[in-house]
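Report on the structure given below.
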There are 2 protein chains.
Amino acid sequence: MMPEKVTIADVARRASVSRQTVSNVLNSPGLVREETRERVRQAVEELGYRVNQAARRMRTGRSRLLAVRIEQTQDGMNVFDRFLHGLTESAAKAGYRVILYTADDDRSEIATFDDLLGAYEPDAFVLTSTHYGDVRTSWLAERELAFVTFGRPWGMPEGGAHPWVDVDGAAGTATATRHLLDAGHRLIGFIGWPEGSGVGDDRRSGWARALEDAGPLPRTKLEDAGVLERRTDGSAAEGEAAARELIAAGATALVCVSDSVALGALQAGPVPVIGFDDTPVAAAIGLTSLSQPLSDAAARCVRVLTRLLEDDSPDKPDHVLLEPSLVIRRTA
Amino acid sequence: MMPEKVTIADVARRASVSRQTVSNVLNSPGLVREETRERVRQAVEELGYRVNQAARRMRTGRSRLLAVRIEQTQDGMNVFDRFLHGLTESAAKAGYRVILYTADDDRSEIATFDDLLGAYEPDAFVLTSTHYGDVRTSWLAERELAFVTFGRPWGMPEGGAHPWVDVDGAAGTATATRHLLDAGHRLIGFIGWPEGSGVGDDRRSGWARALEDAGPLPRTKLEDAGVLERRTDGSAAEGEAAARELIAAGATALVCVSDSVALGALQAGPVPVIGFDDTPVAAAIGLTSLSQPLSDAAARCVRVLTRLLEDDSPDKPDHVLLEPSLVIRRTA
DNA sequence: TACCTCTATTTGAACGTTCAAACCATTAGA
DNA sequence: TCTAATGGTTTGAACGTTCAAATAGAGGTA
């Protein structure tokens, strides 16, 4: 029993109206008389009609597809899959579907844009992992294609010219640092990533700000807070080494740029440690961590795009900054 | 500068041939004279032509889309995102794209099948998380729709009637158990899931088999190996409790059904522990674990589907069983 | 010469939808 | 009574592709 295809013409026949009237009921119900509308709706229901997106797309140029790159699982402790799940769910609610692609670097990603646009004409792209000198955004912007980035346009003139959604990393680490300050700690170390990564620098800045706000450090201990900071490649191994150094230097608590380095830091000794991203690892080992509101972020991405695609496009691009929340567990 | 659309007619004009000839060069090159073929190929190149999938689909009914459900991140320590990445990559190589959907249970997933088929007509579905009494497969099979499952059809008459790809969990736990036997252990415990989950029972059986093959247990210790087994809900907490009991009962090493319970088991004492799935957690904490060949599995799924869709369909459905590999780290 | 076969290419139609324009009543205004 | 405007509906065409059938040309055979 192959599922027989139901077309708009079948519905029209059933409801004794023309194709166009059915189309209107679906797309501009206001144009159709109440009574007719109801009759058509019933016919749609009875026949289980669903609009054929391929045909619609031919006529309108709209595919109702959002293209997203699926990330390489580098060290695997990433957070992207939760974002993607949220995105798929929110998109579906708005009548869109998510189509995936892979790419190794910006250049090949741009080539894939071209490919996808030719073949599937996605209505918009959702970009992740924004970074300094991101050429993807300018490529898309030049062609006036719709997109949002999950992540701020690091290094762009204030705010950036395109819509984005992001999580305020600095606010997160500031909260974490204050949490430790409240517990009586003053010499709070930070284990970060190499300078130059937008996300890393942002997370670092929250820690620095919170410490500054807490007033000068006790003179007797250390004259320079800078010594309470270490940069790592993000691995647990370097996290552990960094933690040992910081503890030796007098740190009594640690804020980390990621759960991965936090996990390493935990091996260095019984010092309070706070991670970032609230990955499964954090939950499993009881690591206090900062949780990104990922499904919320995904929903906002979809909203930004639907506004862009459907409503009269806003004069100013949407910029959404969400706050992470501290999930307190055993380690701090 | 909007990207101007290039249609098959543009290419035809450029190469001074008809639309159909261009189409033939792309789809049945054998029909076209060498010289013409080359001329058309060049025109395609120069204009950057890409076939419009919507138009093609209208005519052929083929969308070149594979639909996959994106899993809920339950405890988060799953492995699905790596599979999905591999699937996207392999699909792209074969000229397909992956389209995502979500669903909470089998019923709603079937409803989504219907939706997707009406709107996007995916050429095939890739199902994951197969289980006893899986109604999704029969729904698809009844309608003669193409699909593969990543996971065997548990509880179906030998082998199942539809194509599948899976990883041999029993072989994995057997390898793990032998690894511990080789290290001199005899009283090796198993921490599993509740009976009735296909995957869980399968993984358990490998452990049981390997122990059996090693000959009877030392009489003096325990008369019944059954005592060396515990079932849990899969959480780290229950894993830890189970491990304590097993160690108290004399176990000197533990094989676990998942990294999650293995992580718990590690807290119970300094006993060799082997997990399953080689999740990021395992890598981060140095847990020896069984690694599923996920990108290979994904590639096989794509191959099974392309055979089904493009070649003369095989008389017997493809069944592929892959071996996991033991990744040896600190814990065993 | 007439007829057939084979290869290479072209032509017309169709897939299912929506846009744009046309049509038809009905009501309102002069 | 005629014209104009309004609301509701229908009709024809078009999106870009491929299928099926048609055509043209070259070669072979009787």
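The sequence lines fix the lettering, A, B, ..., with proteins before strands; numbering per chain opens at 1.
- Within 6.0 Å of CZ on B:Arg300 lie no more than 12 heavy atoms contributed by other residues, nucleotides or ligands.
- When the side-chain hydrogen bond (donor to acceptor under 3.5 Å, both in side chains) test is applied to A:Gln20, the partners found at least two apart in sequence or on another chain are A:Asn24.
- To the nearest 0.5 Å, atom CG of residue B:Leu84 and atom CG of residue A:Asp81 are 9.5 Å apart.
- We find the CD1-CG distance between A:Ile70 and B:Leu100 to be 7.5 Å, quoted to the nearest 0.5 Å.
- Taking CZ from A:Phe150 and CG from A:Asp166, the interatomic distance works out to 6.0 Å, rounded to the nearest 0.5 Å.
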With the criterion being N/O to N/O and under 3.5 Å, what pairs connect the protein with nucleotides 22-25 of chain C, and how long is each?
none

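- Screening B:Arg41, B:Glu38, B:Arg39 against B:Val25 for a side chain to side chain contact (heavy atoms under 4.5 Å, CB included) leaves a single residue, B:Arg41.
- Bracketed by its first and final contacts, the part of DNA chain D lying under 4.0 Å from non-hydrogen atoms of chain A reaches from D:dG8 to D:dG16 in 5' to 3' order.
- Within residues 16-32 of chain A, the residues that place at least one heavy atom under 4.0 Å from DNA chain D are, in residue-number order, A:Val17, A:Ser18, A:Arg19, A:Gln20, A:Thr21, A:Val32.
- Contact between B:Val302 and B:Ala94 at its shortest, heavy atoms only, is CG1-CB, 4.0 Å.
- In this structure, OG on A:Ser90 lies 10.5 Å from NE2 on A:His85, to the nearest 0.5 angstrom.
- Where A:Thr60 and B:Thr36 each meet DNA chain C at their nearest nucleotide, the meeting point lying more 5' is that of B:Thr36.
- For the pair B:Arg59 and B:Arg37, nearest-nucleotide mapping onto DNA chain C gives the more 5' position to B:Arg37.
- End-to-end axis angle of the helix from C:dT1-D:dA30 to C:dA30-D:dT1, using five pairs per end and rounding to 10°, comes to 70°.
- In this structure, B:Arg33 places its CZ atom 15 Å from C1' of C:dC6, rounding to the nearest Å.
- Taken to the nearest 0.5 Å, the CG atom of B:Leu26 stands 12.0 Å off from the CZ atom of B:Arg50.
- Salt bridge present: A:Asp134 and A:Arg136 bring a charged side-chain N and a carboxylate O closer than 4.0 Å.
- Proximity of A:Arg19 to A:Val22: side-chain heavy atoms (C-beta onward) are nowhere separated by under 4.5 Å.
- Inter-residue side-chain proximity for B:Val17 and B:Val40 is flagged as met; some heavy-atom pair is nearer than 4.5 Å.
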Determine all donor-acceptor pairs shorter than 3.5 Å in which one atom belongs to a side chain in residues 116-129 of chain B; sequence neighbours excluded.
from: B:Tyr120; atom 1: OH; to: A:Arg64; atom 2: O; distance (Å): 2.8
from: B:Glu121; atom 1: OE1; to: A:Lys5; atom 2: NZ; distance (Å): 3.1
from: B:Glu121; atom 1: OE2; to: A:Asn52; atom 2: ND2; distance (Å): 3.4
from: B:Glu121; atom 1: OE2; to: B:Arg57; atom 2: NE; distance (Å): 3.1
from: B:Glu121; atom 1: OE2; to: B:Arg57; atom 2: NH2; distance (Å): 3.4
from: B:Asp123; atom 1: OD1; to: B:Ser63; atom 2: N; distance (Å): 2.9
from: B:Asp123; atom 1: OD1; to: B:Ser63; atom 2: OG; distance (Å): 3.4
from: B:Asp123; atom 1: OD2; to: B:Arg64; atom 2: N; distance (Å): 2.7
from: B:Thr128; atom 1: OG1; to: B:Glu71; atom 2: OE2; distance (Å): 2.5
from: B:Ser129; atom 1: OG; to: B:Glu71; atom 2: OE1; distance (Å): 3.2
from: B:Ser129; atom 1: OG; to: B:Glu71; atom 2: OE2; distance (Å): 2.9

